[in-house]
> 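Quick one: structure below, then a few questions.
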Amino acid sequence: MGSKKLRRTNLSVEICSRLHSHRIETCRDLLSLTPLEVMRVAGVSYSQACQLLKTTSQACAPKMTMAWELWRQKTGLYFPTSLAALDRLLQGGLACGTLTEVTGPSGCGKSQLCMMLSVLATLPHSMGGLDKGVLYIDTESAFSAERLVEIAQSRFPDYFLARERVAEMASRVHLFRELTCRDVQSRLQNLEEDIISCRAGLVVLDSVASVVRKEFDPSLPGNLTHRSNLLGKQAATLKYLAQEFGIPVVLTNQITTNLSDLKPATSFKWNSLEGSSLAAEDSGYVTAALGNTWSHSVNTRLIVQYVDAHCRQIIVAKSPVAPFAVFKYSIQSDGIRLEGDDDQAGPSHQGTDPGLQPIRVRSGFACNLTRGSSAIRDMRGSYS
Amino acid sequence: MQRPLSSFAFAPAVKVKLINAGFHTAADLCDLRPLQLSKESGISQQEAVEVLQTVRHDASQGAGAGSRMTALELLGREQAMGAIVTFCSALDSVLGGGMPVGKTSEVCGAPGVGKTQLCIQLAVDVQIPVCFGGLGGQAVYVDTEGSFMVQRVVDVAKAAVEHCSLLADDAEQREALKVFTVEDILSKLYLFRCHDYVELLAETYLLPDFLSQHPEVRLVVIDSIAFPFRHDFEDLSQRTRLLNGLAQQLAQMANQYNVAVVLTNQMTTKVGNGQSKLVPALGESWGHAATQRLILHWEGEQRALASGTCSLLTMLRLTHLRFRQGTLLSASAPKQTTTRLEDIWLKNNIQLF
């Protein structure tokens, strides 16, 4: 709304032309001036300058709503994730109109969770879905259509028995592959049109960190502020879209090593599993990437981490409605499944700074090769 | 009478014409009529009338145009304005009776520590009826981050209503409870959602009119003031200028309309001397903007609150009790006042100055 042209507000033509000669065209330009500066450029007295600012403000200020009106429209406030205990804790699911971030070491299941949520968003309301399309922005090439179909057919075998339904579900998920910061930025600027034309109910950005960390080396001067500015702009654009359309936005993030008492080594990339054994030797600990400012920008932060070679956990590290909680989960053919009984994650009153919460990475894993390959053969056979 | 004409609030073109015609101080204009002034200086008759009216009005006000009062009168006025009580006695005592009305307060903290929770708490507590010790007012919530969750407000409101109904013992209080329900609380909470700094500035220009139309508003929350100003600015001096103007407008609004203004700030990492510290965002000059500064930080696994306006202070640990039901905050006893603020923060890598 700040870019509204002054010509379209209630200002007189004479004032508009005077401002135009000083290259003040939009509401943003005028409101960025102090009253004294407005007096000078518009050639008016102080009280008239204040009146001018008020008129411009009326043109671009947000409308007032009452909290009561928000509460009255009970539906459309959250997006159920089908993980019952998590939904109960988050008071319904992922909150619509906010940014939810999933962060953790690679291979932990972030992209799996994103694909599972994509399937859920396309389901009709009767099955707990949003009955809308999905915009999936993939920067790591981690999206697999086969896996999407596998999750759909394993999780809801009765519903997806008919091939037409599978095809319809798959056609509702719109995939965008962006590989540089600039591409991601321009995609986000134009996302509004895509959301409207695809009738999207969910936006997934997987992942925010990969392009940014590839292109910005924080050890160079000025790069850190430039990176924070870019991330801030992305967060602001996504929040605006989320709020205007009332849809949830899911982002994924990576991890970094926080060497406490030393300069934060954000250039340390932990993408490979096998290198994780170094974590124990360093004096630092692994935490979510992109820094403190990004931790402020997201509304909800879910951390996925390894407990040991077979067990994983999902932690609710930051949420406006839920306390700090931990759930165990595993990845099956039908996506993510919570394990353990429902009450195991009793809400606690403690917590930590979500930007500094230590994350456990996998410290080496044993793989039974023969068993693995036969499992893959079974999966391939089941849906061909 | 010797006040120079260039210091009056006329349009620049008018000033230039008056000075070129030889009028330099207010005394030069004292016995003039509008027609004569307009002929001599070349300004229009309408402008001449306005100029003379402004000069005469200024002369009649005399020296010391601002209001003056003794400290005793000011004390009485401050006590009459009251404070927003949070029903958590330890927190209220740290704040000096509650969140002060008529002043601006700033709440800084690391992500996830509870700034938005505290703001939502205050937005509900300001509506507690007078017979229970509250202000019985309404609240304005300006949200720039999208972290306002109406489900959370419902939780906190339910807890507040429950707490009051347990406390009610006389007829007046029971009567007041009839209009203190969750629906009433939600309908007295006005919400504005600003997406960038331009909308925030626009809203601040329009808030005085809104407050005069809704004289029962006692709290204005801006959550957060840091987010829109942190990523859109190449020119940092412009940002400082705008923030200073904003701070002045909010302070004036707080004083004139008897509201408590609460701003939320973020923390940023400052790297220097081989160490990284957390400091409040928006720069050094913003530190002086608010009358009172509260810092929420993590101490291990607990949340702690410190009041940043004096160096010897009462440190307070906050534990959120029964988070799901959104009960009002409960806190443990305050620590000894001899702990220095700087020592506590050095331990947690936070730096205020």
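All values below come from the heavy atoms of this structure, side chains included, with hydrogens, waters and symmetry mates left out. As the structure is a prediction and not an experimental result, all values here were calculated from the model. Just so we're on the same page: letters track the sequence lines, and every chain starts at 1.
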> Determine whether A:T98 and B:M149 satisfy the following criterion, side-chain contact (heavy atoms from CB on, under 4.5 Å), listing intermediate values before the conclusion.
CA-CA 9 Å; A:T98 63; B:M149 300 264 121; 3.1 Å; yes

> Find the distance between CD (A:Q48) and CZ (B:F10) and round it off to the nearest 0.5 Å.
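Output value for this atom pair is 12.0 Å.
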
> Would you confirm whether B:Q266, through its side chain, and A:T293, through its main-chain N or O, come within 3.5 Å as a donor-acceptor pair?
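No, because the side chain of B:Q266 does not come within donor-acceptor range (under 3.5 Å) of the backbone of A:T293.
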
> To the nearest 0.5 angstrom, please state how far the CZ atom of B:R230 sits from the CG atom of A:L231.
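Here the rounded value is 11.5 Å.
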
> Heavy-atom cut-off 4.5 Å, strictly under: side chain, backbone, both or neither for A:E69 against chain B?
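A:E69 has no heavy atom closer than 4.5 Å to chain B.
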
> Is it the side chain or the backbone of A:A236 that comes within 4.5 Å of chain B heavy atoms, both, or neither?
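Contact with chain B is through both the backbone and side chain of A:A236.
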
> Around A:Q58, counting heavy atoms of other residues, nucleotides and ligands shown, do more than 12 lie under 6.0 Å from its CD?
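Yes, because the 6.0 Å sphere around CD of A:Q58 holds more than 12 heavy atoms from other groups.
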
> Does any non-hydrogen side-chain atom of A:P62 lie less than 4.5 Å from one of B:E203?
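SC-SC contact between B:E203 and A:P62 confirmed.
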
> Could you measure the distance from the CG atom of B:D196 to the OG1 atom of A:T237? Nearest 0.5 Å is fine.
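Result: 10.5 Å between the selected atoms.
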
> Measure B:A110 against the heavy atoms of chain A and call it side chain, backbone, both or neither at under 4.5 Å.
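For B:A110, the contact with chain A is made by backbone and side chain together.
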
> Would you mind checking which part of B:T116 comes under 4.5 Å of any heavy atom in chain A, side chain (CB onward), backbone (N, CA, C, O), both or neither?
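Neither part.
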
> Would you name the heavy atoms of A:L33 and B:Y205 that are closest together and state the gap between them?
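Smallest heavy-atom distance, with atoms named: O-OH, 4.2 Å.
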
> If every non-hydrogen atom of B:Q238 is compared with every non-hydrogen atom of A:S32, which pair is closest and at what distance?
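Minimum heavy-atom contact is NE2-CB, 3.3 Å.
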
> About how many Å separate SG of A:C27 and CG of B:L201, when rounded to the nearest 0.5 Å?
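So the CG of B:L201 and the SG of A:C27 are separated by 12.0 Å.
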
> Of all the heavy-atom pairs spanning B:E199 and A:C60, show the shortest one and how long it is.
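It is CG-O, 3.6 Å.
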
> Would you say A:Y46 has more than 12 foreign heavy atoms packed within less than 6.0 Å of its OH?
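No, the 6.0 Å shell around OH holds no more than 12 heavy atoms from other groups.
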
> Just by modelled atom types, is the B:H195 backbone N or O under 3.5 Å from a matching donor or acceptor in the A:K239 side chain?
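Checking the backbone N and O of B:H195 against the side chain of A:K239, no donor-acceptor pair under 3.5 Å is found.
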
> Would you say A:Q91 and B:D155 are linked by a side-chain donor-acceptor pair, where the criterion is simply a distance under 3.5 Å?
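A pair is found: one side chain offers a donor N or O, the other an acceptor, under 3.5 Å apart.
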
> Does some side-chain heavy atom of B:P111 sit less than 4.5 Å from a side-chain heavy atom of A:K318?
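Side chain of A:K318 against side chain of B:P111, heavy atoms only: contact under 4.5 Å found.
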
> Would you please test B:L206 and A:K54 for side-chain contact (heavy atoms from CB on, under 4.5 Å) and show each step?
CA-CA 7 Å; B:L206 297 180; A:K54 246 192 219 171; 4.3 Å; yes

> Output the distance between atom CG (B:L191) and atom CE (A:M64), rounded to the nearest 0.5 Å.
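Between atom CG of B:L191 and atom CE of A:M64 there are 9.5 Å.
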
> Measure distances from B:Y141 to the heavy atoms of chain A and classify the residue's part below 4.5 Å as side chain, backbone, both or neither.
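For B:Y141, there is no contact with chain A at all, as no heavy atom is under 4.5 Å.
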
> Which region of B:L242, side chain (C-beta onward) or backbone (N, CA, C, O), has a non-hydrogen atom less than 4.5 Å from a non-hydrogen atom of chain A, or is it both or neither?
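Contact with chain A is through the side chain of B:L242 alone.
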
> Looking at A:G232, A:G97, A:S295, which one has more heavy-atom pairs under 4.5 Å with chain B than the rest?
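Between A:G232, A:G97, A:S295, the count favours A:G232.
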
> So which part of A:Q234 gets closer than 4.5 Å to some heavy atom of chain B, the side chain, the backbone, both or neither?
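Neither the backbone nor the side chain of A:Q234 comes within 4.5 Å of chain B.
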
> Name the region of A:Q243, side chain, backbone, both or neither, that has any atom closer than 4.5 Å to a heavy atom of chain B.
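For A:Q243, the side chain is the part near chain B, not the backbone.
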
> Looking at B:V150 and A:A67, what are the two nearest heavy atoms and their distance?
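What the structure gives for the nearest pair is CG2-O, 3.6 Å.
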
> Does A:N299 have any side chain to side chain donor-acceptor pair (under 3.5 Å) partners at least two apart in sequence or in another chain, and if so, which?
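Side chain to side chain donor-acceptor pair (under 3.5 Å) list for A:N299, sorted by chain: empty.
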
> Report which part of B:D209 has an atom under 4.5 Å of a heavy atom belonging to chain A: side chain, backbone, both, or neither.
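Just the side chain, heavy atoms under 4.5 Å.
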
> Just wondering, are more than 12 heavy atoms of other shown residues or ligands nearer than 6.0 Å to NE2 in A:H22?
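Yes, because the 6.0 Å sphere around NE2 of A:H22 holds more than 12 heavy atoms from other groups.
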
> Indicate the atoms forming the closest heavy-atom contact of B:A11 with A:G43, along with that distance.
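Heavy atoms only, the tightest pair is CB-O, 3.5 Å.
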
> Answer yes or no: does atom CG of B:D235 have more than 12 heavy-atom neighbours from other residues, nucleotides or ligands under 6.0 Å?
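Enclosed: over 12 neighbouring heavy atoms sit under 6.0 Å from CG of B:D235.
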
> Could you check B:Y197 against A:R28 for side-chain contact (heavy atoms from CB on, under 4.5 Å), going step by step and ending with a plain yes or no?
CA-CA 9 Å; B:Y197 75 94; A:R28 172 187 292 250; 3.5 Å; yes

> To the nearest 0.5 Å, what is the distance between OG1 (B:T204) and CG (A:L31)?
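Rounded to the nearest 0.5 Å, the OG1-CG separation comes out at 9.5 Å.
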
> Return the minimal non-hydrogen interatomic distance between B:M267 and A:H296, and the atom names on each side.
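Reported closest heavy-atom pair: N-NE2, 3.1 Å.
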
> Output the option from A:T300, A:T225, A:V298, A:V44 having the highest count of non-hydrogen pairs under 4.5 Å with chain B.
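Sorted descending by pairs with chain B, the first entry is A:V44.
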
> Against chain A, label B:V14 side chain, backbone, both or neither, depending on which of its atoms sit under 4.5 Å from a heavy atom there.
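Contact with chain A is absent: no heavy atom of B:V14 under 4.5 Å.
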
> As a quick check of understanding, evaluate side-chain contact (heavy atoms from CB on, under 4.5 Å) for B:E183 and A:W68, giving each step before the final call.
CA-CA 7 Å; B:E183 288 83 14; A:W68 174 233; 3.5 Å; yes

